Asks: 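Encoded as structure tokens, here's the structure I'll be asking about.
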Amino acid sequence: MFAYAKTLRDNRRERTGVLFALPVVLFLIAFFIVPTVLLFVFSFWQSRSFVLVPDASLTNYIDALTRPAFRQTILTGLTIGLGTATVATVLSYPVAWFIAYRTRTNLLLYIIMLSWFSSYLVRIFAWRTILGTNGLINSALLSLGVIDAPLEILIFSPLAVTITLVHIFVPFTLLLLLSALRNVTPDFLAAARDLGASRMKVFFRVTLPIAYKGFVGSFMFTFILAAGDFITPQLLGGRTGITTGLLISNQFRQTGNWPSGAAMAFILMAVFLVVYFVLVQVLRWFRLSPGLRFHPPVEELRAEMAQAKEA
Amino acid sequence: MTFLTQPVRETDIVTMRNLDKSFGTFVALRDINLEIRKGEILTFLGPSGCGKSTLMRIIAGFEAPSRGELLLHDQDMTRLPPERRPVNMVFQRYALFPHLDVFDNIAFGLRIRKLPESEVRTRVMRMMELVQLDKMASRWINELSGGQSQRVALARALVNGPEVLLLDEPLAALDLKIRQLMLQELRRIQESTGTTFVYVTHDQDEAMILSSRVVLMDHGRIEQVGTPDELYFRPRSLFVARFLGEMNILPARIVEASDSGVVARFEGGTARSATAQPGYAREDGTHIAVRPEAIRIAPAPENAPVGHNACLARIAAIEPIGGRVVYSAELPNGTRLRAQRIRDGGGADFSIGQPVLLSWEPNAMTILRD
């Protein structure tokens, strides 16, 4: 099985590694893999008057996908998710850049991290008072005479949800980007400048590919959590801000239709996977991913050179 | 302070005029006046913190001088950003891009300049041949050894055809054997491309082996510029004399000054210079400097006058170092002079405690101000 002889020490090291990994693996199997498989099985079952009936039909999937309301929630979720992920990543990049290359202290980081110390719900309600009909922004604009009536778009809309989620996720994206930027040492940036790259090109040709995992990670992390969130949409989304997550939680908690909720959850998962795949492909297409080669194999290059010499 | 305004010579690629650089209250460079000549290997040598790296970063464009100007031929490039300067740099820790393979690392600069892909390929292939990496084109950076990384870094900079190639302690991260090999490689590559090299190092052997001219720096100032031989045999300051190789330095006082030379008295003897030493007068304090390999040792004569450029001493220590032996000889006042002899097999020629006569040729000695 192994091409090299394994020493006793290698074996011991391997066993220690397995031992350390075991608790998490068991935890994930018990509380993630098994429930997911169960849920997947349920998604083909039926629910008759709150009782699960085993079945093997795609009815739940077809029902969900043919309901315009469900498709609308997917779109709303995608909008909120992509909006939040984009804004949070774009906003935290300059801060991460500043902390990575311009300061020697992490003070700024700690200040931003401080927002984590307050509860998620408290922060949502704080945004309600800022964005609400009689909230900070509306009353300020009203008293300044900029508007005649309160702006309704500010609260109970996908916009309100996005603003709040950006606020919640910025510390996450900042941390992920910062740790990725730590791999992009100032030497790399200087070398790229030295080789003729403008600041813009340095970002796209060096920073982004080297910190690729940080960028994709912080974007996808935020996207999935934001698009699947159902608490913020419930409190700030209003009628236009209903997301799939909210719909799914309703299926489980209020309607009691587990199979339908499970099918919706798997559709949402598929959507997330598609978004991830598309993101990765787009980055590849624009040659922003690491590990790409931009030249033919050496033999071909040699042949090319030999031909050129003959001609 | 005088500002130099002579026209730039045609062979001068880069000219530095009255460059100062300070970081806050720390003065990193003071009044640097220097030119980089076409095709030479110019070495910035000095102890750490002497300003050699800062000076290189100013040439590359990563730092701006606080005062003074930097000319490329006769054009001012003091404020030009690094990406618009026709100079390229080999970084101390190489800074090779980990997301690209060897070929694409070397092609980086050419592709940024949007050269046609066919030309990029030709030039990269030719450069890989020059640095003997043609089999490594598809290797990832983390699969390279130190010496290979060094070659990639060199190729990545050289392929752009820079007017000046800056090398920032390029061999510091390599072990001794590879360092010696790379030193020869650097020479070969420099000769075959004719590129002007500016080489920063704190290692005087590297500087001596490689350089056309050495710029010896200390505390942000240029102490002396010259060929390795000029610096070694004709140091112009105590710092230069002490920095390069080994040097015996004796405080002395001028007792005679004329157009034909000076005579200086030190505790234990007198020294007479071979040539005129302008600017010296009687009673001036000075130092005389003689290299250990320039000092001859002979058994002390009995009751004979010792003459100029000689003194009586007693062997105090013997250090055999492979093919040579270094004697420490103590003068009557306790000062020790080191004298070196090549060993032709057998044991030591002198024994500890033996009285000896130390002497040297007048032109092997340097008379130095403080």
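Keep in mind that what you see is a predicted model, and the values were worked out from it rather than measured. Lettering of chains follows the sequences in order, A, B, ..., and the numbering in each one begins at 1.
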Asks: Is chain A contacted by the side chain of Gln92(B), its backbone, both, or neither, given a heavy-atom distance below 4.5 Å?
Replies: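 Looking at Gln92(B), nothing touches chain A.
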
Asks: Walk me through it: do Met125(B) and Arg302(A) pass the test side chain to side chain contact (heavy atoms under 4.5 Å, CB included)?
Replies: CA-CA 8 Å; Met125(B) 286 298 276; Arg302(A) 284 240 183 77; 4.1 Å; yes

Asks: Is Met305(A) close to Arg126(B) at the side-chain level, that is, under 4.5 Å between some pair of heavy atoms?
Replies: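 Heavy-atom side-chain distance check fails, nothing below 4.5 Å.
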
Asks: Heavy-atom count around Arg37(B) CZ within 6.0 Å, excluding the residue itself: above 12?
Replies: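 Enclosed.
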
Asks: Does any backbone or side-chain atom of Asn88(B) lie under 4.5 Å from a heavy atom of chain A? Answer side chain, backbone, both or neither.
Replies: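 Both parts, backbone and side chain.
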
Asks: For the residue pair Ile112(B) and Gly196(A), what are the closest heavy atoms and their distance?
Replies: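 Heavy atoms of Ile112(B) and Gly196(A) come nearest at CG2-O, 3.2 Å.
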
Asks: Are side-chain heavy atoms of Val298(A) and Lys135(B) found at a separation under 4.5 Å?
Replies: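 They are not in contact (no side-chain heavy atoms under 4.5 Å apart), so the answer is no.
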
Asks: Does any heavy atom of chain A fall under 4.5 Å from the side chain of Arg84(B), the backbone, both, or neither of them?
Replies: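 No part of Arg84(B) comes within 4.5 Å of chain A.
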
Asks: Crowded around Phe272(A) CZ? As in, over 12 foreign heavy atoms under 6.0 Å?
Replies: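 Yes, the 6.0 Å shell around CZ holds more than 12 heavy atoms from other groups.
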
Asks: Find the one option among Ala107(B), Ser138(B), Pro162(B), Gly109(B) whose heavy-atom pairs under 4.5 Å with chain A are most numerous.
Replies: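 Highest number of heavy-atom pairs under 4.5 Å: Ser138(B).
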
Asks: Please check: side-chain N/O of Asp187(A) versus main-chain N/O of Ala95(B), any donor-acceptor pairing under 3.5 Å?
Replies: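 No, the answer is negative, given that no donor and acceptor are paired below the 3.5 Å cut-off.
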
Asks: Taking His99(B) for the side chain and Arg205(A) for the main chain, is one N or O donor matched with an acceptor at less than 3.5 Å?
Replies: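 At least one qualifying donor-acceptor pair exists.
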
Asks: Might you point out which heavy atoms bring Ala191(A) and Arg156(B) nearest each other, and give the distance in Å?
Replies: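 For Ala191(A) versus Arg156(B), the nearest heavy atoms are CB-NH2, 3.6 Å.
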
Asks: Where does Leu292(A) contact chain B at under 4.5 Å (heavy atoms): side chain, backbone, both or neither?
Replies: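 Just its backbone gets close to chain B.
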
Asks: What closest approach, in Å, do Phe97(B) and Phe188(A) show between heavy atoms, and which atom pair accounts for it?
Replies: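 That would be CE2-O, 3.5 Å.
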
Asks: Compare every heavy atom of Ala197(A) with every heavy atom of Glu83(B), then report the nearest pair and how far apart it is.
Replies: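 Answer, listing the atom of Glu83(B) first, then Ala197(A): CB-O, 3.5 Å.
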
Asks: Of all of Arg111(B), Arg93(B), Arg85(B), which one pairs up most often with chain A through heavy atoms under 4.5 Å apart?
Replies: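 So the answer, after comparing Arg111(B), Arg93(B), Arg85(B), is Arg111(B).
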
Asks: Would you say the side chain of Arg293(A) lies within less than 4.5 Å of the side chain of Phe103(B), judging by non-hydrogen atoms?
Replies: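 They are not in side-chain contact.
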
Asks: In this structure, are over 12 heavy atoms from other groups packed under 6.0 Å from Phe23(B) atom CZ?
Replies: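 Atom CZ in Phe23(B) is crowded, with more than 12 foreign heavy atoms closer than 6.0 Å.
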
Asks: Would you call Phe294(A) and Val120(B) a side-chain contact if the rule is heavy atoms closer than 4.5 Å?
Replies: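 No - every pair of side-chain heavy atoms lies 4.5 Å or more apart.
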
Asks: How far does CG of Asn105(B) sit from CG of Leu195(A), to the nearest 0.5 angstrom?
Replies: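 Nearest 0.5 Å value for the CG-CG distance: 9.0 Å.
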
Asks: Is Leu96(B) close to chain A through its backbone or its side chain, or both, or neither, when contacts mean heavy atoms under 4.5 Å?
Replies: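 Just its backbone gets close to chain A.
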
Asks: More than 12 non-hydrogen atoms from neighbouring residues, nucleotides or ligands closer than 6.0 Å to CZ on Arg182(A), yes or no?
Replies: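 Count over threshold, so yes.
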
Asks: Just so I know, are the side chains of Ser118(B) and Glu304(A) near enough to count as touching, which here means a heavy-atom distance under 4.5 Å?
Replies: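 A side-chain contact under 4.5 Å is absent here.
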
